[in-house]
Every structure is written in structure tokens, then in C-alpha cells.
Participant: 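Mind having a look at this structure? Questions to follow.
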There are 2 protein chains.
Amino acid sequence: MTVPTGRRERKKAATRQKIADTALRLFLERGYDEVGIRDVAAEADVAVTTLFSHFASKEALVFERDDDFEQRLTRAVTDRAPDEPLVPALRREIHAMVLHCTADGSAPIYRMIDESRALREYEESMRLRHAESLATALVADPGLPQSATACRTLARFVIDAYALARDAADPQGAVDEIFTMVEAAWAAA
Amino acid sequence: MTVPTGRRERKKAATRQKIADTALRLFLERGYDEVGIRDVAAEADVAVTTLFSHFASKEALVFERDDDFEQRLTRAVTDRAPDEPLVPALRREIHAMVLHCTADGSAPIYRMIDESRALREYEESMRLRHAESLATALVADPGLPQSATACRTLARFVIDAYALARDAADPQGAVDEIFTMVEAAWAAA
DNA sequence: AACGTAACACTAACGGTTAGTGTTTTGGAA
DNA sequence: TTCCAAAACACTAACCGTTAGTGTTACGTT
């Protein structure tokens, strides 16, 4: 078990990165639906099978780094101060996530996502996964008196807040407005 | 513009029905993922292209009649008595829908859906469509003082209630529990 | 130096979906 | 009745994402 360094792992990471960079560049240049997997593989100078050993699907090339989101949400629950109320902690995290993906740097990427049905559907199914892992974290929290159904409901409402805010004219304002509703729902549970 | 009946339309409907019936039978016999489009087309004695002129995708063969759901939800909003409060009307409708799809007759179909990733994802993206059309109906209702964002949020919450209740141990009870939360959220908006 | 394995390559295919190109059927107009 | 335009259907061939099968390097380990 030699620890981190190792030429092999560096090469693997480099290949993965090269594929992701090439894919994103081509997608932004020509449009997601106009670029085939074979195009990406050829331009990145790897075999198609190599590409699929690094990424599970064509869509995954776009959402390369979004396991982060999943972890950040569950950690907003598990790592919060013992006396910090739950919903505001979640609201803070959603605020940060919305801010991140409405930033100027991310704008072209999210425009591309909106333009492709395949990417929109993939993103939504990703969010479902996030909701489920958030739900698991909530159900497991011994400090919450609410029922499991209420926890699962809250998880979906929080993910809805993210999705709705991203499409709103004023994303940050929408987060606050929706969280007023979420807070009331959670209090009633 | 001669009105409805006409041999052509009857034949078309018959072809469509034969395809749907054949598909559902094969899927239940052998499993959704084990049956190819070419199998369905051959068994229904039509060309593959004909099949796709009646159904937009393989998954659509399973959810043949689910435009109804979409209409029922929007009509629960638009057709309710002038003085009937909104959320209870929606709750009644969700109750009915959950009851329908947990009935004995539908059980094998929904078991099949749960077993196939492709079908689960398709169903979820269908629900998104339903949420959007419900949101449109809500936003258009002049009797509602709430903001457009609040309306869209309610729409998603209602669809969540359906999805969560279907997976719950006690679906009918879950609908009531979740709608307590939805009611509170709507009141806070 | 030699071995085991992870990364990668290549070919070929599978399954859903569509384009292109007819052919038949049918409802309605002349 | 006859004829036309459109709709429904068929057929071939292909596209595209994805995977299986089968090697071939390149690296870390012993």
C-alpha cells in the first residue's frame, strides 16, 4: 500500500481529465447532441471502450464533478452544530449551490444542459439520487423527532427548492421564498 | 370535417391497442429488459417503424394511458367548486391515484416498473411533466393570491406526495401525512 | 528480473431509434 | 362513380450509445 503518488494513478487521472476536457470543449463548440461518443474518443485520442471505463455514460461527461453536491448536502445535516436547527442549515447549503451554478463561469454549461432533453433528464435523475441520500441521512439522525415519511418528504422538498430556484428569474430570492414553505412544512410534521 | 367515427380511425386505434396489449403481455411474461422492440413488433405483426409511429419510445408502451393522470390533476384545479379550497381537492385526487396504482390489478405492472431502471427513470420524468402542467394550471388560476414561485413549488410538492406515497409501507396514510406538510407550506406562502 | 494486474486498444456486436422511400387504404371531392 | 390527397403502414439501412470479448502494453511489487 504505497500511498498517494504512483505514475499509474497519475496517468489514469490525466486520461480521465483529458477525456472530460475534450468532451466539454466539443459539446460547447458544436452542441451536446451534435457530438457523438466516437467524436469525443477520437479527439481525446482514446478508444471508445476506454472512455466508458472512465465515465458511465455520455451524460456523465458533463456532470463530471457532481458527487460533491451529494456529499455537501448530507454533510450539512450530519456536520451541523448540535444546537443548529436543521432547515436553516439546509437552506444555507442550497443557497451556496444555487450561487455556484448561476455564476458566470458556469453559465454556458447550464445553458447547454437546458438545451438538451437528455441532459435535463439526467440531471433530474441525479437529483433524485441526491434526495434519496439526503433522506437516508435525515432518517438516521437521532435528534429528529419526525417520522421517516416526514424526513423523506423534507429531502424531496429541499431538492425541489434547488431545481425550482435554478429556473427562477431571481434564484436567490426564490430559495428564500421556497424555504419559507419548507420550514412551515417541516414544523407541521 | 366529418366528426369522430370513421373506419380509418378505428383501424388505427385497433393497431395501437394491439401493439400495446402485445407489448404488455410480452413484458410481463419475460421481463421488460428481456423483450426487444423487434420482438414486440414481430409478435404484433407490424413493422418496427409502425410501432414507433404509435409510441414515442419503448417505455411509452408501458405507460400507455397515463396522459389521464396529467389531465386529472389539472382538472382537479380548474373544475373544483368555486368555494372549495385548493389543497384538499388535490389531496383527494392524489388519494385516488395512489389507490388506483396500488390496486391488485395494477400490482404486476408496478412491480415490473420497480424492477427496471429505464422504466423508473421514465416514470419520474413523466411526473416532472405532470408537475409542470399542474404548475401552469395553478399559475393561471386568478383565485390564488400566491406568487408564481409558490404555485410551482406547490405543484412539485404534490407530485412528490404521489411518488413518496407509492413507495411507502402504508400509501394512504402517507398521503395524509405528507399533505399535512403540504397544507402548511401552502398556508405559509 | 519476473510476475500479476490495471489501463488501454480493437473489433464486433446489440438494442433503441430514425431517415428515406415506397405501397396500400380510405375519406371525401368532382 | 371516379379520382385525389392524405394517412397508415412496410421495408431497408443506418445512426448512436453502450457492452462483450480478446488481446496488448505499462506499471508496481516481489
Side-chain angles (χ1 to χ4, degrees), chain A residues 1-20 22-24 26-27 30-64 116-123 125-126, chain B residues 1-20 22-24 26-27 30-64 116-123 125-126:
Chain A
M1 293 282 174
T2 23
V3 217
T5 150
R7 185 175 305 162
R8 187 136 78 207
E9 305 184 13
R10 260 182 293 124
K11 283 203 174 183
K12 178 174 181 174
T15 300
R16 183 192 157 92
Q17 200 57 43
K18 184 176 183 183
I19 294 171
T22 304
L24 198 54
L26 292 184
F27 291 160
R30 298 190 229 154
Y32 180 79
D33 293 313
E34 265 57 57
V35 178
I37 283 290
R38 290 162 178 87
D39 299 332
V40 176
E43 185 86 7
D45 199 28
V46 295
V48 170
T49 45
T50 299
L51 188 155
F52 276 110
S53 77
H54 285 275
F55 299 91
S57 66
K58 185 186 179 188
E59 293 89 25
L61 287 166
V62 173
F63 296 98
E64 195 214 344
S116 159
R117 154 175 290 247
L119 286 177
R120 282 195 314 263
E121 294 191 351
Y122 184 85
E123 191 187 10
S125 80
M126 226 179 52
Chain B
M1 294 275 176
T2 20
V3 222
T5 153
R7 186 175 307 161
R8 185 126 90 194
E9 306 184 11
R10 262 182 291 124
K11 282 204 173 182
K12 178 173 182 176
T15 300
R16 183 193 157 92
Q17 200 57 43
K18 184 177 184 184
I19 294 171
T22 304
L24 198 55
L26 293 184
F27 291 160
R30 299 191 227 152
Y32 180 79
D33 293 314
E34 266 57 58
V35 178
I37 283 289
R38 291 162 178 88
D39 300 331
V40 176
E43 185 85 7
D45 199 28
V46 296
V48 170
T49 44
T50 300
L51 188 155
F52 277 108
S53 78
H54 285 276
F55 299 92
S57 66
K58 186 187 179 187
E59 293 90 28
L61 286 166
V62 173
F63 296 96
E64 194 216 344
S116 159
R117 154 174 290 246
L119 286 177
R120 281 195 314 262
E121 294 190 351
Y122 183 85
E123 191 187 9
S125 80
M126 224 179 55

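Bear in mind the structure is a predicted one, so any value in this text is a computation, not a measurement. Atom set for the values below is all heavy atoms of this structure, side chains included, hydrogens, waters and symmetry mates excluded.
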Participant: Please report the distance, rounded to the nearest Å, between CZ in B:Arg16 and P in D:dA7.
Facilitator: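 Those two atoms, CZ and P, are 18 Å apart.
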Participant: Return the value, rounded to whole Å, for the distance between atom OH of A:Tyr122 and atom C1' of D:dG17.
Facilitator: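 It works out to 14 Å between those atoms.
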Participant: Within the modelled atom types, does a donor on one side and an acceptor on the other bring the side chain of B:Thr49 and the base of D:dC11 under 3.5 Å apart?
Facilitator: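 Result: at least one qualifying N/O pair found.
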Participant: Between A:Ser53 and C:dA7, does any side-chain N or O lie under 4.0 Å from OP1 or OP2?
Facilitator: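 Checking C:dA7 against A:Ser53, no side-chain N or O comes under 4.0 Å of OP1 or OP2.
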Participant: Of the options C:dA9, D:dC27, D:dT19, whose atoms approach the side-chain atoms of A:Val48 most closely?
Facilitator: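 Given the options C:dA9, D:dC27, D:dT19, the side chain of A:Val48 is closest to D:dT19.
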Participant: Could you tell me how far apart A:Arg7 (CZ) and C:dA6 (C1') are, to the nearest whole angstrom?
Facilitator: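 After rounding, the reported distance stands at 15 Å.
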Participant: CD1 of A:Ile37 versus P of C:dA12: gap in Å, rounded?
Facilitator: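 My rounded result for the distance is 21 Å.
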Participant: Measure CG/B:Asp33 against C1'/D:dT19 and give the value in whole Å, please.
Facilitator: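 Distance check: B:Asp33 CG to D:dT19 C1' gives 14 Å.
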Participant: Let's see if you can work this out: which of C:dA7, C:dA13, D:dC9 has an atom nearest to the side-chain heavy atoms of A:Arg38?
Facilitator: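 The nucleotide sitting nearest to the side chain is C:dA13.
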Participant: Roughly, in whole Å, what's the span from CZ in A:Phe52 to C1' in C:dC14?
Facilitator: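 In whole Å, C:dC14 C1' lies 14 Å from A:Phe52 CZ.
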Participant: Where each residue is assigned the nucleotide of DNA chain C containing its nearest heavy atom, which of B:Ala56 and A:Asp45 is assigned the position nearer the 5′ end?
Facilitator: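 The residue closer to the strand's 5' end, by nearest nucleotide, is A:Asp45.
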Participant: Closest approach of B:Glu64 and B:Gln17, non-hydrogen atoms and distance?
Facilitator: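 For B:Glu64 and B:Gln17, the tightest heavy-atom pair comes out as OE2-OE1, 3.4 Å.
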Participant: Between C:dG16, D:dC27, D:dT18, which one does the side chain of B:Lys58 approach most closely?
Facilitator: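 It is C:dG16.
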Participant: From CZ of A:Arg117 over to P of D:dC16, roughly how many Å is that when rounded to an integer?
Facilitator: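 In whole Å, D:dC16 P lies 19 Å from A:Arg117 CZ.
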Participant: Examine C:dC8: is either OP1 or OP2 under 4.0 Å from a nitrogen or oxygen in the side chain of A:His54? Give yes or no.
Facilitator: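 So the side chain of A:His54 is within the cut-off, an N or O lying under 4.0 Å from OP1 or OP2 of C:dC8.
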Participant: State which of D:dC9, C:dT18, C:dA6 makes the closest approach to the side chain of B:Thr50.
Facilitator: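 The answer is D:dC9, which lies nearest to the side chain.
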Participant: Classify B:Val46 by what it touches in the nucleic acid, base, sugar-phosphate, or nothing, heavy-atom distance under 4.0 Å.
Facilitator: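 Contact class for B:Val46: sugar-phosphate only.
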Participant: Phosphate oxygens OP1/OP2 of D:dA26: is one of them under 4.0 Å from a side-chain N or O of A:Lys11?
Facilitator: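 Answer is no, no contact under 4.0 Å.
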Participant: Mark yes or no: B:Lys58 above the aromatic ring of B:Tyr122, with NZ or CZ under 6.0 Å from the six-membered ring centre and no more than 45 degrees from the axis.
Facilitator: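 Cation-pi check for B:Lys58 and B:Tyr122: fails.
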Participant: With rounding to the nearest 0.5 angstrom, report the CG to CD distance, A:Asp39 to A:Glu34.
Facilitator: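 That separation rounds to 10.5 Å.
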Participant: Looking only at side-chain atoms of B:Glu59, point me to the closest of C:dC8, D:dC9, C:dT17.
Facilitator: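 Shortest atom-to-atom distance from the side chain points to C:dT17.
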Participant: Please report, rounded to the nearest Å, how far the P atom of D:dC27 is from the CZ atom of A:Arg10.
Facilitator: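 About 10 Å, once rounded to whole Å.
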Participant: Is B:Val40 touching bases, backbone alone, or none of the nucleic acid, heavy atoms closer than 4.0 Å?
Facilitator: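 No contact.
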Participant: Check for a donor-acceptor pair, side chain of B:Arg30 on one end and backbone N or O of B:Val35 on the other, with a separation under 3.5 Å.
Facilitator: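 A pair under 3.5 Å: no.
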